[in-house]
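The structure appears below as structure tokens.
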Amino acid sequence: MSDPRNYELAKIFVDYSLKVKKGDKVVISTSDLDPLDLIAQCLKLVLEKGAYPYLDIMGWNWLIDRASTGDLVHTYYQYANEDQLKNIPEIYNNIADWGDKFIRITNYDNYSHLSGVDPKKKEIRAKAREEWFYKIINKDWVLTYYPTPAMAQQSGMSYNDLVDFYFESTLVDYEKMGKNLQKVTDIMDTGKLVHITGEKTDITLDITGRLAEPAPGLKNVPDGEVFLAPVHTKVNGHVFFDLPNFKDGVDVVGAYLEFKDGKVVKATAEQGEEMLLSTMETDEGAKYLGELGIGLNYGVTKPMRNTLFDEKIGGTIHMALGRAYVEERGGNPVDPNVSAVHWDLVKDMRKKGSTVEVDGKVVFKDGKWL
């Protein structure tokens, strides 16, 4: 798709998110060649900066199940044995070690490409690639999900409307956004206990000593959230996630979780319960929370069945089962929850009676930050 807005988006990636400079080693990783214009604009700008680009088409996204072209990921799972699932080609580590900065573009031509794949096989591969994945997470990267006809169908929009929605969501003043998010960050930084109430929800999360991270387009595009890692052994209560979550070809709708001393002790879902339960069996850390986030991008208004967008919806909160980030802000460098899973589930707090309290003070009510 040739569109002048691709150039503007590439400039955000290169100039703002990653601040690419002369001599940087930049990996441009994509699911396939469908977003060719965006790839070309990123390549052009990286070269103009005097940096060294490496184009990774399908490779990394194939490794993390984010490439649907030709059903090659599905074919791999269909025929791979346990030994093959556990052995990640060393070339991926070499690229991760070489790169300084990473532009990550995901685009699906089929959102159900993992339907029918044995969950146990996915768990084995997820564990095997964990060390490699941490290498990427701990470097400078920016990620987007690029619009495709499959995404339009997934979100219930026409393709043209989706493209306009995508660029309206991504081409924003992220520096201005950052100033607004900082106000929320300051409140969370000094807090000790978060209490969230709403539909089928009454849960407390200890955030003592944890620092929040504002997200104004430095990692995800679109962006607009504030997140932190709660003390993963001090989460108690129950929470209901009403927004649909699409994972590996399965819709998980109406997920309900009960926590005791941080661990999920009961889990149900109105739809996709098997996916919910099997994901939490990946490892012990998948039964604990690694993130609490507050969506504050009021330009994103409707669920897309795509977490990168949905967790940013202004007036929502999300919690991630599994891995916590290890950075001081937004994570926990001392004792992070460790898991091969990091799965965000989103709750709509715009419904009347929904509140977020920090140390007994209501700061978020009916989807609005007070």
Side-chain angles (χ1 to χ4, degrees), residues 106 108 111-112 143-145 147 150-157 161-162 165-166 168-170 184 194 196-203 205 215 220-227 230 235 237-259 264 266-277 279-280 286 289-322 341-356 364-369:
T106 296
Y108 290 119
Y111 272 75
S112 298
L143 167 69
T144 194
Y145 276 71
M151 182 191 282
Q153 185 175 31
Q154 175 83 356
S155 60
M157 303 172 69
D161 285 347
L162 171 65
F165 173 85
Y166 173 78
E168 288 168 4
S169 301
T170 56
V184 180
V194 175
I196 300 173
T197 58
E199 181 185 4
K200 302 179 186 176
T201 298
D202 190 339
I203 188 170
L205 304 92
N220 292 328
V221 174
D223 218 343
E225 65 168 308
V226 171
F227 65 93
V235 177
H238 55 274
V239 57
F240 176 70
F241 299 100
D242 49 349
L243 292 192
N245 188 293
F246 190 79
K247 179 175 173 59
D248 297 346
V250 177
D251 272 316
V252 179
V253 180
Y256 172 84
L257 303 176
E258 291 185 5
F259 291 86
V264 176
K266 179 180 180 181
T268 63
E270 297 170 0
Q271 182 179 335
E273 184 173 303
E274 183 178 350
M275 174 62 72
L276 176 65
L277 298 178
T279 299
M280 289 192 299
L289 288 183
E291 179 185 334
L292 166 67
I294 300 174
L296 294 163
N297 186 337
Y298 289 90
V300 183
T301 58
K302 65 182 292 291
M304 299 276 292
R305 294 168 73 212
N306 182 312
T307 305
L308 185 72
F309 289 83
D310 295 350
E311 69 178 6
K312 311 304 190 309
I313 296 173
T316 63
I317 60 103
H318 57 275
M319 300 179 191
L321 288 168
V341 171
H342 182 93
W343 183 20
D344 292 285
L345 298 165
V346 186
K347 179 175 181 61
D348 194 342
M349 298 290 287
R350 294 171 293 186
K351 297 178 179 179
K352 189 172 180 60
S354 302
T355 63
V356 176
F364 197 60
K365 184 176 182 180
D366 300 343
K368 296 181 179 180
W369 191 261

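Position 1 is the first residue of the sequence, and the numbers go up from there. Side chains are part of it too, since the values below use all heavy atoms of this structure and drop only hydrogens, waters and symmetry mates.
Surrounding NZ of K365 are at most 12 heavy atoms belonging to other residues, nucleotides or ligands under 6.0 Å away. Atom NZ of K368 sits in a sparse spot, with 12 or fewer heavy atoms from other residues, nucleotides or ligands closer than 6.0 Å. Dense packing is recorded around CD of E199, with more than 12 heavy atoms of other residues, nucleotides or ligands lying under 6.0 Å away.
Using a 4.5 Å heavy-atom threshold, the side chains of Y145 and Y108 count as touching. The shortest distance between side-chain heavy atoms of H238 and Y256 falls below 4.5 Å. Under the 4.5 Å side-chain criterion, counting only non-hydrogen atoms from C-beta, T301 is not in contact with I313. Annotation: side chain of L292 is in contact with side chain of M319 (closest heavy-atom distance under 4.5 Å). Side-chain contact between T307 and H318 is absent, with no heavy atoms from C-beta onward closer than 4.5 Å. The closest side-chain heavy-atom distance from K347 to D242 is below 4.5 Å. Using a 4.5 Å cut-off on side-chain heavy atoms (C-beta onward), W343 and V252 make contact. Residues L308 and T106 are not in side-chain contact: their nearest non-hydrogen atoms beyond the backbone lie 4.5 Å or more apart.
The minimum heavy-atom distance between E291 and F227, with the atom names listed, is OE2-CB, 3.5 Å. Annotation for S155 and L162: closest pair OG-CD1, 4.2 Å, computed over non-hydrogen atoms. Considering every non-hydrogen atom in both F240 and K200, the closest pair reads CB-CB, 3.5 Å. The two residues D248 and M275 come nearest to each other via the heavy atoms CB-CE, 3.9 Å. The nearest pair of heavy atoms linking M280 to L257 is SD-CD2, 4.5 Å. Annotation for A215 and D223: closest pair O-CG, 2.9 Å, computed over non-hydrogen atoms.
Here the CD-CG distance, from E311 to N306, works out to 9.5 Å after rounding to the nearest 0.5 Å. Between atom CE of residue M349 and atom CG of residue D366 there is a gap of 8.5 Å, rounded to the nearest 0.5 Å. Residue I317 holds its CD1 atom at 10.5 Å from CG of D344, rounded to the nearest 0.5 Å. For the atom pair CD (E258) and OG1 (T268), the distance works out to 8.0 Å, reported to the nearest 0.5 Å.
Using a distance-only test at 3.5 Å, with no hydrogens or angles considered, no donor-acceptor pair links the side chain of N297 to the main chain of K312. Between the side chain of N245 and the backbone N or O of V346 there is no donor-acceptor pair closer than 3.5 Å. Between the side chain of D310 and the backbone N or O of R305 there is at least one donor-acceptor pair closer than 3.5 Å. Here the side chain of T144 pairs a donor or acceptor atom with the backbone of V221 at under 3.5 angstrom.
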Could you go step by step and tell me if V300 and F165 meet the side chain to side chain contact (heavy atoms under 4.5 Å, CB included) rule? CA-CA 9 Å; V300 183; F165 173 85; 4.1 Å; yes
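No option in T355, D202, L205, V239 other than L205 meets the side chain to side chain contact (heavy atoms under 4.5 Å, CB included) test with I196.
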